[in-house]
Trainee: 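Sharing a structure with you now.
Keep in mind it's a predicted model, so treat the numbers as computed, not measured. The figures here come from the full heavy-atom set of this structure, side chains too, leaving out hydrogens, waters and symmetry mates.
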Amino acid sequence: MKRKKHDLNPKLNRTAWLFIIPSLILIVMFVFYPMIQAFLTSFQTGVGEHLTFAGAANYKRLLTDTTFKKALFNTVLFLVIQVPIMILLALVISSMLNDKKLKCKGLFRTAIFLPCVTSLVAYSIIFKSLFATDGFINSLLMNLNVISEPIAWITHPVWAKVLIILAITWRWTGYNMVFYLSGLQSIDSAIYEAADIDGASAFQKFRYMTLPLLKPIILFTTINSTIGTLQLFDETMNITQGGPANATITISQYIYNLLFKYTPDFGYAASVSYVVVVLIVVLSFIQKKVGEDKDA
């Protein structure tokens with residue numbers, strides 16, 4: 001028997017397009033058009049109406065721009081160090097909070113997720129105060145005899161990077177935890193009960209059961225975290241201002257400086273922004289390929 005072809009009623013079809021078209025127009029206007037315009041601008045130089053075609057001059061300039069290289073290095077460093085730490089912490093915390101025997105789970109989940117909904121500027125200022133030379137963290141570490149003299153968290157090139165990594169991890173770990181927690185709650189508890197009967201340890205269950213079952217969610221959160229880290233701006237801007245001596249400057253902050261802090265250079269700023277686009281596309285593609293199920 002031939003399958004019957006089920007088409008939408010023409011009237012319903014037209015009605016659906018009436019709802020879709022406004023969204024498509026807005027997406028084209030505020031997403032695709034700015035992307036295309038920025039790409040064209042990256043081949044120009046000048047300001048405002050005085051933009052002139054410069055060919056690939058802006059992209060050639062990237063190769064000799066020491067500040068851009070520093071910003072790129074810092075951004076990739078934050079990505080390589082912070083994202084794995086945050087993902088692993090979120091996985092461990094979600095596994096702990098998924099324990100049925102744990103009391104006050106709602107309180108712990110709220111406390112860990114709360115940083116995600118706090119103001120970026122507000123929490124950055126608080127971090128800057130806590131980690132100041134005479135701040136609470138240094139006082140606490142000295143009272144515990146962990147350190148003998150205050151750490152220059154904000155003015156030392158290495159410690160400033162550590163501070164930014166701590167700030168990002170504190171804010172976004174709870175965000176990823178929610179995804180993992182929802183994934184864990186969708187896993188049949190009988191699987192873990194069978195593992196308990198077989199004598200599997202907590203680590204073995206985490207390594208050989210939890211991680212494989214959460215693989216799609218881990219891939220999703222890893223790509224999201226990669227995109228967010230490559231666009232990192234608020235923390236470095238509000239805590240260290242990119243210092244000391246550009247030790248914590250990121251690509252997004254460098255784009256901001258090119259547009260609003262230095263003499264405006266729209267074309268060069270657009271070319272730098274497209275480096276972020278290329279990095280996001282390439283890294284997302286690599287992560288997707290690595291995370292694909294080869295047996296599928």
Trainee: Could you tell me which residues satisfy side chain to side chain contact (heavy atoms under 4.5 Å, CB included) with Leu88, sequence neighbours excluded, listed by chain and number?
Mentor: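 With sequence neighbours excluded, Leu88 shows a side chain to side chain contact (heavy atoms under 4.5 Å, CB included) to Val92, given in chain and number order.
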Trainee: Using the side chain to side chain donor-acceptor pair (under 3.5 Å) rule, collect all pairs that involve residues 62-80, keeping only residues at least two apart or in two chains.
Mentor: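 Residue pairs with at least one partner in residues 62-80: Asp65-Tyr254, Asp65-Tyr268.
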Trainee: Which distance, rounded to the nearest 0.5 Å, do you find between the OG of Ser284 and the CD1 of Ile227?
Mentor: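 Ser284 OG to Ile227 CD1: 4.5 Å, rounded to 0.5 Å.
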Trainee: Of all heavy-atom pairs between Leu166 and Trp153, which one has the smallest distance, and what is that distance?
Mentor: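 Minimum heavy-atom separation between Leu166 and Trp153: CD1-CZ3, 4.3 Å.
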Trainee: State the CZ-OG distance between Phe206 and Ser201, to the nearest 0.5 angstrom.
Mentor: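 Separation between the atoms: 12.0 Å.
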Trainee: Which residues pass the side chain to side chain contact (heavy atoms under 4.5 Å, CB included) test with Ala195, not counting sequence neighbours?
Mentor: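 Checked Ala195 against side chain to side chain contact (heavy atoms under 4.5 Å, CB included); matches are Ala200, Lys205, Met209.
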Trainee: Report the distance from atom OH of Tyr175 to atom OG1 of Thr221, rounding to the nearest 0.5 Å.
Mentor: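 Tyr175 OH to Thr221 OG1: 9.5 Å, rounded to 0.5 Å.
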Trainee: Not counting sequence neighbours, list each pair that qualifies as a salt bridge (charged side-chain N to carboxylate O under 4.0 Å, His left out) and has a residue in residues 257-267.
Mentor: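 Salt bridge (charged side-chain N to carboxylate O under 4.0 Å, His left out) check on residues 257-267 returns Arg61-Asp265.
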Trainee: Which donor-acceptor pairs under 3.5 Å do the side chains of residues 104-124 make with protein atoms, sequence neighbours left out?
Mentor:
residue, atom, partner, partner atom, Å
Arg109, NH2, Leu97, O, 3.0
Thr110, OG1, Gly106, O, 2.8
Thr118, OG1, Pro115, O, 2.7
Thr118, OG1, Arg171, NH1, 3.2
Ser119, OG, Val121, N, 3.4
Ser119, OG, Ala122, N, 3.3
Tyr123, OH, Ala167, O, 3.3
Tyr123, OH, Glu235, OE2, 2.6
Ser124, OG, Leu120, O, 2.7

Trainee: So which heavy atom on Ala90 is nearest to which on Asn176, and how close?
Mentor: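 Taking Ala90 first and Asn176 second, the nearest heavy atoms are CB-CB, 3.8 Å.
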Trainee: Find the distance between CD1 (Ile217) and OG (Ser182) and round it off to the nearest 0.5 Å.
Mentor: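 If I round to the nearest 0.5 Å, the distance is 5.0 Å.
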Trainee: Side-chain contact test, heavy atoms from C-beta onward, threshold under 4.5 Å: evaluate it for Tyr180 versus Ile218 and give yes or no.
Mentor: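 The answer is yes; the side chains approach within 4.5 Å.
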Trainee: Verify whether the ring centers belonging to Phe43 and Tyr59 lie closer than 6.0 Å.
Mentor: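 Aromatic pair counts; centres sit under 6.0 Å.
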Trainee: Which residues pass the side chain to side chain contact (heavy atoms under 4.5 Å, CB included) test with Thr226, not counting sequence neighbours?
Mentor: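 Side chain to side chain contact (heavy atoms under 4.5 Å, CB included) check on Thr226 returns Leu79, Thr222, Leu230, Leu283, Gln287.
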Trainee: Once side chain to side chain contact (heavy atoms under 4.5 Å, CB included) is applied, do any residues pair with Ile20, and if so which ones, sequence neighbours excluded?
Mentor: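 Once residues adjacent in sequence are excluded, the partners of Ile20 under the side chain to side chain contact (heavy atoms under 4.5 Å, CB included) criterion are Trp17, Leu24.
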Trainee: Might you point out which heavy atoms bring Thr229 and Gln82 nearest each other, and give the distance in Å?
Mentor: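 Closest approach of Thr229 to Gln82, heavy atoms only: OG1-OE1, 3.5 Å.
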Trainee: For Thr210 and Tyr192, test the side chains for any donor-to-acceptor distance below 3.5 angstrom and give the result as yes or no.
Mentor: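 A donor-acceptor contact under 3.5 Å links the two side chains.
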Trainee: More than 12 heavy atoms of other residues, nucleotides or ligands under 6.0 Å from CE of Met96: yes or no?
Mentor: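 No, because the 6.0 Å sphere around CE of Met96 holds 12 heavy atoms or fewer from other groups.
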Trainee: To the nearest 0.5 Å, tell me how far Asp196 CG sits from Ser189 OG.
Mentor: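 So the CG of Asp196 and the OG of Ser189 are separated by 10.5 Å.
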Trainee: If you define the side chain from C-beta out and look only at heavy atoms, does anything of Met142 sit under 4.5 Å from Ser148?
Mentor: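 Result no, sub-4.5 Å side-chain heavy-atom pair not found.
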Trainee: Can you tell me if Phe73 has over 12 outside heavy atoms packed within less than 6.0 Å of its CZ?
Mentor: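 No, CZ of Phe73 has 12 or fewer neighbouring heavy atoms, counting only those of other groups under 6.0 Å.
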Trainee: Taking all non-hydrogen atoms of both residues, which atom of Met86 and which atom of Ser225 are closest, and how far apart?
Mentor: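 Distance-wise, the nearest heavy atoms are CE-OG, 3.3 Å.
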Trainee: Taking all non-hydrogen atoms of both residues, which atom of Pro150 and which atom of Ile147 are closest, and how far apart?
Mentor: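 That closest heavy-atom pairing would be CA-CD1, 4.3 Å.
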Trainee: Are any of the side-chain heavy atoms of Lys128 and Ile154 separated by less than 4.5 Å?
Mentor: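 A side-chain contact under 4.5 Å exists here.
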Trainee: Mind checking what makes ring pair (Phe, Tyr, Trp, His ring centres under 6.0 Å) contact with Tyr208, not counting sequence neighbours?
Mentor: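 For Tyr208, no residue satisfies ring pair (Phe, Tyr, Trp, His ring centres under 6.0 Å) once neighbours in sequence are set aside.
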Trainee: Residues sharing Leu40's hydrophobic cluster, by side-chain heavy-atom contacts under 4.5 Å among ILVMFWY, directly or via others?
Mentor: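 Grouped by the 4.5 Å side-chain rule, Ile36 form the rest of the cluster around Leu40.
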Trainee: Would you indicate whether Gln185, at its atom CD, is surrounded by more than 12 heavy atoms from other residues, nucleotides or ligands within a distance under 6.0 Å?
Mentor: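 Yes.
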Trainee: Which residues pass the ring pair (Phe, Tyr, Trp, His ring centres under 6.0 Å) test with Phe203, not counting sequence neighbours?
Mentor: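 So Phe203 forms no ring pair (Phe, Tyr, Trp, His ring centres under 6.0 Å) with any residue.
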Trainee: Are Leu211 and Phe179 grouped together when hydrophobic residues (ILVMFWY) are joined by side-chain heavy atoms under 4.5 angstrom apart?
Mentor: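 Same hydrophobic cluster.
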Trainee: Under the salt bridge (Lys or Arg N to Asp or Glu O under 4.0 Å) test, which residues partner Lys60, sequence neighbours left out?
Mentor: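 With sequence neighbours excluded, Lys60 shows a salt bridge (Lys or Arg N to Asp or Glu O under 4.0 Å) to no residue whatsoever.
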Trainee: For a ring-ring contact (aromatic ring centres under 6.0 Å, His included) check, start with the C-alpha distance between Phe127 and Trp170, then their side-chain angles and the critical distance, and finish with the verdict.
Mentor: CA-CA 10 Å; Phe127 256 78; Trp170 177 83; 5.5 Å; yes
Trainee: Counting only pairs under 3.5 Å, give me each side-chain donor-acceptor contact of residues 238-246, with atom names and distances, residues two or more places apart or in other chains.
Mentor:
residue, atom, partner, partner atom, Å
Asn238, ND2, Asp234, O, 2.8
Thr240, OG1, Thr236, O, 3.2
Thr240, OG1, Gly242, N, 3.4
Thr240, OG1, Thr248, OG1, 2.6
Gln241, NE2, Met237, O, 3.1
Gln241, NE2, Asn238, O, 3.4

Trainee: Of all heavy-atom pairs between Asn138 and Ala132, which one has the smallest distance, and what is that distance?
Mentor: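 In terms of heavy atoms, the two residues are closest at ND2-O, 3.1 Å.
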Trainee: Would you sort out whether Phe68 and Leu63 count as a side chain to side chain contact (heavy atoms under 4.5 Å, CB included), showing the intermediate values?
Mentor: CA-CA 9 Å; Phe68 166 75; Leu63 301 176; over 6 Å; no
